[in-house]
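Working notes for the structure below.
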2 protein chains.
Amino acid sequence: MPNNQFKKGELYSFITGKASTAIARNLQKKFNTAGLKITIEQWSVLYHLWKEDGKSQQELCNATFRDKPSITRLVDNLEKLQLVKRVPSGNDRRINLIYLTKQAQKLQEETMGLAEATLNEALEGVPQDRIEICKEVLQVVYDNLR
Amino acid sequence: MPNNQFKKGELYSFITGKASTAIARNLQKKFNTAGLKITIEQWSVLYHLWKEDGKSQQELCNATFRDKPSITRLVDNLEKLQLVKRVPSGNDRRINLIYLTKQAQKLQEETMGLAEATLNEALEGVPQDRIEICKEVLQVVYDNLR
DNA sequence: GGCATATAGTTAGTTAAACAACTAAATGAA
DNA sequence: TTCATTTAGTTGTTTAACTAACTATATGCC
């Protein structure tokens, strides 16, 4: 018995993720306006390296929910921008460990401030308890499909 | 006074839209498995044409939250697949009206069933009232940033 | 009518995602 | 030790998004 909670007219936004698209575009514009020449996707990789760098590309795949070719090319472009460096692992010669450069470390504070500003705009007028419920529902969706 | 509702550790999923990415991938896999050779993005255009075709490309931009070059190329590819046809508007020679072919009309029922199945999997175990709140929050986010 | 402006759509260039096919290195079982 | 399997990462191809620059047509003001 399917839980037929969705009427057809309601399918669209959930599938296409208009809200997260709007958030990403807003943040990308803030980056551009601030003269920060990085993409949202590059930022999402840096985000996990700021928590702790020296991660392998595979670990970045898991953290960012991207496949291996996507991470290969994102790391390629981040290396071109001199924001990260690939360092071969001593233990396992298949593995690259990805380290932040000094320039990337400088980006953290500024971009995090812009990201918080975007979320504050996005969620203006939404009570905290409803935000919590929304986050929890999205987490279940992710866990159900992963 | 900003409503500083997000702590740093909670930024990531909201911005990157992992839940909607998971939904879109799941549905794309269902299309592939069923032998339906369309992308989610193409489906999102067809979705609005199934409601009513003969829309202009600009109307499709607004409906799908995409810019004009994206719609130009999606319509290009849908035309190559013989799923839509561009028809010049009689009133305004700048405008193309986009009409579904018979083949596209046949796709509607099957793809809508798969989309509902994806959403039922995604939302399994989530009570209806929490789904409603989540949808409303995402709508506010979209309205706030659009 | 004539001209500035706005609107509809296209084209070009860069970045990214999905998939398949590939190389190199590590693992594990006989 | 050897050989199949697994894991880490790369490369090639197609589709799509974003920006900027462009063409063609319509609108509105004088």
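Proteins come first, then strands; the chains are lettered A, B, ... in the order of their sequence lines, and each starts at number 1. Just so it is clear, the structure is predicted and the values come from calculations on it, not from any experiment.
Out of C:dA18, C:dA16, D:dT10, the shortest distance to the side chain of A:K68 is found at D:dT10. Closest to the side chain of A:L74, from the set C:dA8, D:dA17, C:dA16, is C:dA16. Of the listed nucleotides (D:dA17, D:dG9, D:dA20), D:dG9 has the atom at the smallest distance from the side chain of A:I95. Looking at the side chain of A:D67, the nearest of the listed nucleotides C:dC19, D:dT19, D:dT10 is C:dC19.
For B:S56 and C:dA8, the shortest distance from a side-chain N or O to OP1 or OP2 is not below 4.0 Å. Close to C:dT15, at under 4.0 Å from its OP1 or OP2, lies no side-chain N or O of A:T39. When the side-chain nitrogen and oxygen atoms of B:R66 are compared with OP1 and OP2 of D:dA16, none of them lie within a distance under 4.0 Å. Considering only side-chain N and O atoms, A:N77 lies nowhere under 4.0 angstrom from the phosphate OP1 or OP2 of C:dT14. Between D:dT23 and B:R93, no contact under 4.0 Å exists linking OP1 or OP2 to a side-chain N or O. At least one side-chain nitrogen or oxygen of B:Q42 sits closer than 4.0 Å to the OP1 or OP2 atom of D:dA16.
When each of B:D92 and A:F65 is assigned the nucleotide of DNA chain C bearing its nearest heavy atom, the one mapping closer to the 5' terminus is B:D92. A residue-by-residue look at B:T72 and B:Q28 shows that B:T72 has its nearest nucleotide of DNA chain C further toward the 5' end. Of the two residues near DNA chain D, A:N32 and A:Q57, the one whose nearest nucleotide lies more 5' is A:Q57. A residue-by-residue look at A:P69 and B:K80 shows that A:P69 has its nearest nucleotide of DNA chain D further toward the 5' end.
Ion pair A:R130/B:E132 not flagged as a salt bridge, since none of the NZ, NE, NH1 or NH2 atoms sits closer than 4.0 Å to an Asp/Glu carboxylate oxygen. Under the 4.0 Å criterion applied to side-chain N and carboxylate O atoms, A:D76 and A:R86 are assigned as salt-bridge partners. Between B:K30 and B:E121, at least one side-chain nitrogen of the basic residue sits less than 4.0 Å from a carboxylate oxygen of the acidic one, meeting the salt-bridge criterion.
Side-chain contact of A:Q57 with A:N96: a donor-acceptor pair under 3.5 Å is present, judged by distance alone. Side chain to side chain, B:E116 and B:N120 fail the donor-acceptor criterion of an N or O pair below 3.5 Å.
As a whole-Å value, the separation of B:N96 CG from C:dT10 C1' is 10 Å. Atom CD1 of A:I40 and atom P of C:dT15 are 15 Å apart (whole Å). Going from atom CZ of B:F31 over to atom P of D:dT14 covers 22 Å, rounded to whole Å. Atom-to-atom, NZ of B:K37 to P of C:dC19 comes out at 13 Å; the value is rounded to the nearest Å. The CG-C1' distance, from A:L81 to C:dT15, rounds to 11 Å in whole Å. Distance, B:D76 CG to C:dT11 P: 7 Å, rounded to whole Å. Atom CG of B:L83 and atom P of D:dT15 are 13 Å apart (whole Å). Rounded to whole Å, the distance from CZ on B:R25 to C1' on C:dA16 is 12 Å.
Judged by atom type and distance alone, A:R94 reaches the base of D:dT7 through a side-chain donor-acceptor pair under 3.5 Å. For C:dA12, the base has a donor-acceptor partner in the side chain of B:R73 [N/O atoms by modelled type, under 3.5 angstrom].
Using cut-offs of 30° and 60° for the angle between ring planes, the B:W43 and B:F31 rings count as tilted.
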